[in-house]
Amino acid sequence: MVFMDSFEELIGLNVDDVDLDESDDFIFCLGYKYKNCGQRYPATKLKLADLDYFNFIEFVELFKSEAIFIIWYDEKSRIITDLEIYYLSNDFDVLFKDYYYILSAVRDGNAHKLREGDTKYLGASRMNEKVRQPNSDILANRRELVLKRKYLQKILNEISVRCK
């Protein structure tokens, strides 16, 4: 397969030397770091979309694909080490519960009370800027919808298990 051969050639390259289409919502480059014990952990959350309190993105629009292609790289060396197709569809039930929780808080005028700890895999990550929210006079921090580091750790752990 030409498609996989070209992606497999990414292993060992510096992530900065790879030219990916930033508009592609299927392919993500994610860095990881190492704990003292040698276990890998995600360096960041994965931003999916800006959260517009007055024009809430639909779940099907947020998760257009049932799978994502992840290019994992060592944050320190910037070298690509793993390629993975991960099926988000396996976790749609949890992701939808998280989505609905965030949506309900926004619709009820409680966006200012949202915490990432309120949800399991999908988070409403807080930004510094304060903006108006529906059904409330209280300003709320602007937010981004993200796949939480806890969820990315689950994905990263599954790679480690398969490699052993």
**Fill in**
Across all chains, not counting sequence neighbours, the side-chain contact (heavy atoms from CB on, under 4.5 Å) partners of Arg132 are Phe54, Leu139
**Message:** What I'd like to find out is whether the side chain of Leu88 reaches to under 4.5 Å of the side chain of Leu147, using heavy atoms alone.
**Reply:** yes
**Message:** Is it the case that over 12 heavy atoms from other parts of the model lie below 6.0 angstrom from the OH atom of Tyr100?
**Reply:** no
**Message:** Run Arg142 and Asn128 through side-chain contact (heavy atoms from CB on, under 4.5 Å) and show every step you take.
**Reply:** CA-CA 7 Å; Arg142 199 170 67 78; Asn128 288 330; over 6 Å; no
**Side-chain (Arg143) to main-chain (Ala111) donor-acceptor, under 3.5 angstrom** = yes
**Request:** Report yes or no: do Ile11 and Phe69 belong to one cluster of Ile/Leu/Val/Met/Phe/Trp/Tyr joined by side chain heavy-atom distances under 4.5 Å?
**Result:** yes
**Request:** Would you mind checking if Asp82 and Arg40 are paired as a salt bridge, meaning a charged N to carboxylate O distance below 4.0 Å?
**Result:** yes
**Complete:** dist Leu51:CG -> Ile102:CD1 (nearest 0.5 Å) comes out at 7.5 Å
**Prompt:** Applying the 4.5 Å side-chain criterion to the ILVMFWY set and letting contacts propagate, would Leu62 and Met127 be lumped into a single cluster?
**Reply:** no
**Fill in**
Applying side-chain contact (heavy atoms from CB on, under 4.5 Å) to Asn14 and not counting sequence neighbours gives Asp16, Asp17, Arg78, Ile79
**Message:** Donor-acceptor pair, distance only, cut-off 3.5 Å: does the side chain of Lys47 make one with the backbone of Ser125?
**Reply:** no
**Side chain Arg149, main chain Pro42, donor-acceptor under 3.5 Å** = yes
**Item:** Residue pairs involving residues 88-103 (criterion salt bridge (charged side-chain N to carboxylate O under 4.0 Å, His left out); sequence neighbours excluded)
**Value:** Asp91-Lys154
**Asked** Is there a side-chain contact between Lys148 and Thr119, using heavy atoms and a 4.5 Å cut-off?
**Response** yes
**Message:** Please say yes or no: joined through hydrophobic side-chain contacts below 4.5 Å, possibly via intermediate residues, are Tyr41 and Tyr86 part of one cluster?
**Reply:** no
**Request:** Could you give me the CA-CA distance, side-chain angles and deciding distance for Lys113 and Asp118, then say whether salt bridge (Lys or Arg N to Asp or Glu O under 4.0 Å) is met?
**Result:** CA-CA 10 Å; Lys113 293 182 180 179; Asp118 295 337; over 6 Å; no
**Message:** Run Leu145 and Ile57 through side-chain contact (heavy atoms from CB on, under 4.5 Å) and show every step you take.
**Reply:** CA-CA 10 Å; Leu145 291 171; Ile57 188 169; 3.8 Å; yes
**Message:** I need the Cys29 SG to Leu10 CG distance, nearest 0.5 Å.
**Reply:** 8.0 Å
**Item:** Ring centroid separation Tyr32 to Tyr34 under 6.0 Å
**Value:** yes
**Pair Val18-Ile80, side-chain contact (heavy atoms from CB on, under 4.5 Å): steps then yes or no** = CA-CA 10 Å; Val18 177; Ile80 296 170; 3.6 Å; yes
**Message:** Using a strict threshold of under 4.0 Å (side-chain N to carboxylate O), is an ion pair present between Glu75 and Lys33?
**Reply:** no
**Request:** Enter the distance from Tyr53:OH to Gln133:CD here, rounded to the nearest 0.5 Å.
**Result:** 6.5 Å
**Message:** Apply side-chain contact (heavy atoms from CB on, under 4.5 Å) to residues Lys120 and Leu95 and explain how you reach the verdict.
**Reply:** CA-CA 8 Å; Lys120 192 168 181 179; Leu95 289 165; over 6 Å; no
**Message:** Under the ring-ring contact (aromatic ring centres under 6.0 Å, His included) definition, can you give me all pairs with a residue in residues 101-146, not counting sequence neighbours?
**Reply:** Tyr121-Tyr151
**Request:** List for me each residue that meets ring-ring contact (aromatic ring centres under 6.0 Å, His included) alongside Tyr99, sequence neighbours excluded, and say none if there are none.
**Result:** Phe56, Phe59
**Item:** Leu48 CG to Leu122 CG distance, which is reported to the nearest 0.5 Å
**Value:** 6.5 Å
**Message:** As an exercise, state the distance from CD1 of Ile70 to CD1 of Ile85, rounded to the nearest 0.5 Å.
**Reply:** 10.0 Å
**Message:** Grouping I, L, V, M, F, W and Y whenever their side-chain heavy atoms are under 4.5 Å apart, do Leu114 and Phe96 come out in a common cluster?
**Reply:** yes
**Message:** I'd like to check Leu46 versus Val146 (side-chain heavy atoms, cut-off strictly below 4.5 Å). Are they in contact?
**Reply:** no
**Asked** Taking 4.0 angstrom as the limit, do Glu116 and Arg126 come out as a salt bridge?
**Response** no
**Distance in Å, Ser89 OG paired with Ile68 CD1, rounded so as to fall on 0.5 Å steps** = 11.0 Å
**Message:** Going by side-chain hydrogen bond (donor to acceptor under 3.5 Å, both in side chains), name the pairs with one or both residues in residues 58-74, residues two or more places apart or in two chains.
**Reply:** Asp25-Lys64, Glu61-Lys64, Trp72-Glu84
